[in-house]
Structure formats: C-alpha cells, structure tokens
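Below is one structure, written out as structure tokens; the observations come after it.
Computed over heavy atoms, backbone and side chain alike; hydrogens, waters and symmetry mates excluded. Predicted model, so just to flag it, every value in this text is computed and none were measured. The first residue of the sequence shown is numbered 1, and numbering continues consecutively from there.
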Amino acid sequence: LSICKALTYSVHDPSEEVLYMPTSDAVKFKAKFWIDVVGQRIAKAIGSVINNYAGSVDGILKYGSLPSIVTALILWLACYQVGIQFDGLIKSGDVVGEDE
C-alpha cells in the first residue's frame with residue numbers, strides 16, 4: 001500500500017505541477033486528463049503488481065526498493081528537464097499549444 005501511494009504521489013503531484021507551465025487551455029485540458037486518469041491508474045497498477053509479487057512486508061522491502069529508486073531517479077531527471085524548458089518558455093514568452 002505504501003509503495004502504491006508513493007508511486008501515486010511521486011508521479012501525480014509533480015506531473016500536476018507541469019500544468020502551471022505556460023500552456024493553452026486546450027493543451028492544459030488534455031494534459032490534465034492524462035495525468036489524473038491514465039497516469040494515476042498506471043501508478044496504482046504498478047504498485048499493486050509489486051505488492052502482490054512481494055507478498056509480505058519483507059518482500060516489499062526486497063522487491064520494492066529498486067523500482068522505487070529507479071522511479072525516483074527517472075522523475076528527478078524528468079523534473080530537471082521540465083525545469084529547463086520552463087525557464088526557456090518564461091524567458092521567451094512562448095505559450096505551449098498556442099496557435100499562431
């Protein structure tokens with residue numbers, strides 16, 4: 001259960017913050033759907049698979065640590081890249097998805 005919640009919060013909350021990037025309403029609407037519906041369900045499913053595979057608290061520690069560390073590293077790299085893109089958008093004044 002804790003891994004499921006950790007995956008949900010580690011994927012959902014940072015992804016939701018991406019919505020604060022300068023985007024058009026249409027892009028924001030589509031992104032919010034994917035984050036809230038698809039991303040959250042995938043994170044819960046992955047956490048459930050790991051918990052079922054582990055079978056016990058000791059198993060969760062054994063089999064859940066590596067996926068958690070890998071996920072954290074991937075999310076850190078993604079957040080770093082999004083931060084760079086965000087700074088570029090703010091400096092240029094561009095809005096993602098805005099028709100010209």
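- A distance of 12.0 Å separates CG of Leu89 from CD1 of Ile84, quoted to the nearest 0.5 Å.
- Among the candidates Ile46, Ile50, Asn52, Asn51, the single residue satisfying the side chain to side chain contact (heavy atoms under 4.5 Å, CB included) test with Ser48 is Asn52.
- Here Phe86 contributes atom CZ and Lys91 contributes atom NZ; the two are 11.5 Å apart, rounded to the nearest 0.5 Å.
- When the side-chain contact (heavy atoms from CB on, under 4.5 Å) test is applied to Ile74, the partners found at least two apart in sequence or on another chain are Val70.
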